[in-house]
4 protein chains.
Amino acid sequence: MARGINKVILVGNLGNDPETKYTQSGMAVTRISLATTSVRKDREGNTQERTEWHRVVFFGKLGEIVAEYLRKGSQVYVEGEIRYDKYTGQDGQERYSTDIVANEMQMLGGRGGGEGGGERPQRSAAPRREYGGGGQQRNAPAQSPQPAAEGGFNDSFGDDDIPF
Amino acid sequence: MARGINKVILVGNLGNDPETKYTQSGMAVTRISLATTSVRKDREGNTQERTEWHRVVFFGKLGEIVAEYLRKGSQVYVEGEIRYDKYTGQDGQERYSTDIVANEMQMLGGRGGGEGGGERPQRSAAPRREYGGGGQQRNAPAQSPQPAAEGGFNDSFGDDDIPF
Amino acid sequence: MARGINKVILVGNLGNDPETKYTQSGMAVTRISLATTSVRKDREGNTQERTEWHRVVFFGKLGEIVAEYLRKGSQVYVEGEIRYDKYTGQDGQERYSTDIVANEMQMLGGRGGGEGGGERPQRSAAPRREYGGGGQQRNAPAQSPQPAAEGGFNDSFGDDDIPF
Amino acid sequence: MARGINKVILVGNLGNDPETKYTQSGMAVTRISLATTSVRKDREGNTQERTEWHRVVFFGKLGEIVAEYLRKGSQVYVEGEIRYDKYTGQDGQERYSTDIVANEMQMLGGRGGGEGGGERPQRSAAPRREYGGGGQQRNAPAQSPQPAAEGGFNDSFGDDDIPF
DNA sequence: TTTT
DNA sequence: TTTT
């Protein structure tokens with residue numbers, strides 16, 4: 001029963017390799033620093049460039065995938081939500097941090113990115129979701145404005161099962 | 001291993017009450033017609049208004065919630081993906097349809113909307129996702145730019161469990 | 001020549017009335033505090049609720065509209081980008097802040113929100129965009145709440161002008 | 001005074017080279033066919049893959065940029081809105097089409113994509129956006145007669161001018 | 001700290 | 001600080 005939408009969509013490049021730690025229960029928690037640069041013209045007509053560095057955190061399976069496939073320089077699509085935290089530093093001072101808690105990730109560009117591991121294939125990841133739930137299979141070819149069409153997709157329920 | 005992002009975000013009002021049918025396996029499939037109106041100025045400076053009517057479909061539990069809580073006139077936030085289908089009409093002609101397959105929904109405005117059922121409380125719904133997975137509980141107060149802070153939130157793993 | 005996408009979409013309620021100040025050049029800068037609440041189940045099955053308070057800032061005309069139409073309690077859709085700032089406090093300490101710089105806003109729910117000014121009509125606002133740019137006008141027929149399709153829209157260029 | 005949000009975010013690859021035509025008034029109208037592939041597991045645990053082919057249209061300056069920099073195979077981020085159209089075919093039959101009218105585009109992967117033109121640098125494009133709206137006049141960079149997008153940063157006012 |  |  002959420003009240004509100006808190007959604008972030010980022011496309012950017014990693015400033016460093018991902019850093020992964022594990023919780024006591026063994027869950028991966030991977031962090032990346034993601035740059036997004038935007039450009040605008042100021043009132044004098046000069047080009048102004050500004051880069052934001054996002055702290056993005058991936059939990060669980062997603063964290064493992066990020067750790068394995070992303071590297072410094074990798075370009076990535078991330079979807080998640082903003083989380084603001086307050087904590088007390090070692091000096092007793094209150095500090096604030098802002099993180100993007102990712103729930104979807106997609107590698108871009110077809111190459112892993114920077115240096116090593118570049119041979120990784122492009123892939124994406126998100127929490128599994130089951131579609132449909134009905135009976136037999138249907139073959140509903142995708143609409144393709146192009147000659148060659150895509151193969152059928154399975155709605156997981158047969159034609160007779162479709163109520164519309 | 002998806003290749004691509006196909007994401008739709010809509011905020012609009014229902015043109016009619018939702019229509020629900022059930023698959024043979026008992027899964028709800030609820031459809032709504034959702035209006036979004038945009039306004040632009042043409043080059044003559046005249047205001048141009050245009051309404052798009054989106055066919056949105058909700059499966060399973062989400063379909064049941066939509067059927068129960070939304071009515072003609074209800075304002076709603078919908079997130080989903082575009083699905084293009086091709087089928088053959090009774091006249092043997094090929095036809096195309098475009099649907100938004102919803103995976104998240106949130107009622108807006110606090111009132112159900114139109115006529116009946118208006119007493120429904122505001123609520124939202126999306127496929128359950130489990131967060132974290134670690135051990136004990138932590139109390140990580142939300143960052144509040146203001147004096148009074150938010151109560152703790154449970155990351156499902158204790159402080160000692162947090163690797164950062 | 002931007003490199004990256006930095007996009008935030010929020011739906012939430014104002015915790016207080018908007019606060020507006022003006023730059024020396026007379027531009028409005030309006031700030032709101034926007035709450036989004038999410039709910040998840042922890043691994044024990046307990047419902048966990050957490051509210052994020054977003055600092056959202058609106059510049060210029062958008063800032064004026066927000067100041068005029070939104071109130072404490074108002075529900076609103078906001079689109080913008082994340083901006084991280086670092087500054088030095090009066091105590092000489094470095095501090096960080098995170099803001100959502102809004103570029104689109106839409107009032108939700110049909111009522112202004114909280115207390116006064118509730119009689120405001122629902123409206124939205126965003127930087128004006130010109131559509132089309134071509135020749136004559138087309139007719140923009142009424143909308144049918146039904147079948148997916150749309151009647152004509154005014155593309156600001158005549159049918160003969162449409163290259164497809 | 002829009003009522004509603006109609007937003008589409010796509011990341012995909014072009015199935016063919018872009019096709020550009022010009023209106024009588026000389027505005028570019030460029031179309032691409034963009035593939036997004038998603039994967040899900042059906043209830044039998046089998047992997048199901050489905051590709052949607054989106055018809056995306058870019059007007060004005062954005063259309064020119066797409067025509068120049070994108071090629072078959074290029075990976076691209078697109079933001080826009082859904083537009084449903086109804087028209088009458090040569091056979092007198094009513095037909096429907098669905099287009100994504102883009103207002104923002106960003107090339108991904110650093111390489112143009114498929115075959116020729118691969119040497120193009122990565123870049124992005126969106127209609128210029130002016131921030132603010134206050135006092136004197138700012139320099140308003142040329143506007144493309146087209147869609148439009150959002151605001152952004154570029155505070156265009158000095159530090160002393162910032163009221164927060 | 002990335003990327004161009 | 002909102003909202004439910």
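Letters A, B, ... mirror the listed sequences (proteins, then strands); counts begin at 1. Since we're looking at a predicted model, the values are computed, not measured. Side-chain atoms are counted along with the backbone in the values below, which use heavy atoms only and exclude waters and symmetry mates.
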Next item on the list: Nearest whole angstrom, please: distance from the P of E:dT2 to the NE2 of A:H54.
Entry: 16 Å

Next item on the list: Rounded to the nearest angstrom, tell me the gap between atom CG in C:L70 and atom P in F:dT2.
Entry: 16 Å

Next item on the list: Report the distance from atom CD of A:E52 to atom P of E:dT2, rounded to the nearest whole Å.
Entry: 16 Å

Next item on the list: Would you kindly give the CD1-to-C1' distance between D:I65 and E:dT4, to the nearest whole Å?
Entry: 15 Å

Next item on the list: Ignoring hydrogens and angles, tell me if any N or O in the side chain of A:E19 forms a donor-acceptor pair with the backbone of A:R31 under 3.5 Å.
Entry: no

Next item on the list: Please report, rounded to the nearest Å, how far the C1' atom of E:dT3 is from the CD1 atom of A:I32.
Entry: 14 Å

Next item on the list: Looking only at side-chain atoms of C:N16, point me to the closest of F:dT2, E:dT1, F:dT1.
Entry: F:dT1

Check: How would you label the contact of C:T36 with the nucleic acid (heavy atoms, under 4.0 Å): base, sugar-phosphate, or nothing?
Finding: nothing

Next item on the list: Using the test side chain to side chain contact (heavy atoms under 4.5 Å, CB included), find all partners of A:E94 that sit at least two apart in sequence or belong to another chain.
Entry: A:K86, A:Y96

Check: Given atom CG of C:D17 and atom P of F:dT1, what is their separation to the nearest angstrom?
Finding: 14 Å

Checklist line | Spacing between D:L108 atom CG and E:dT2 atom P, to the nearest angstrom | finding: 20 Å

Check: Whole Å only: how far is the CD atom of A:Q75 from the P atom of E:dT3?
Finding: 11 Å

Item checked: C:W53, nearest nucleotide to its side chain (from F:dT1, E:dT3, E:dT2) -> F:dT1

Check: Out of E:dT3, F:dT2, F:dT3, which nucleotide sits closest to the side chain of A:R3?
Finding: F:dT3

Item checked: Residue list, salt bridge (charged side-chain N to carboxylate O under 4.0 Å, His left out) with D:E64, at least two apart or on another chain -> D:K61

Note to self: Has A:E52 got a side-chain atom pairing as donor or acceptor with A:T36's backbone, closer than 3.5 angstrom?
What the structure shows: no

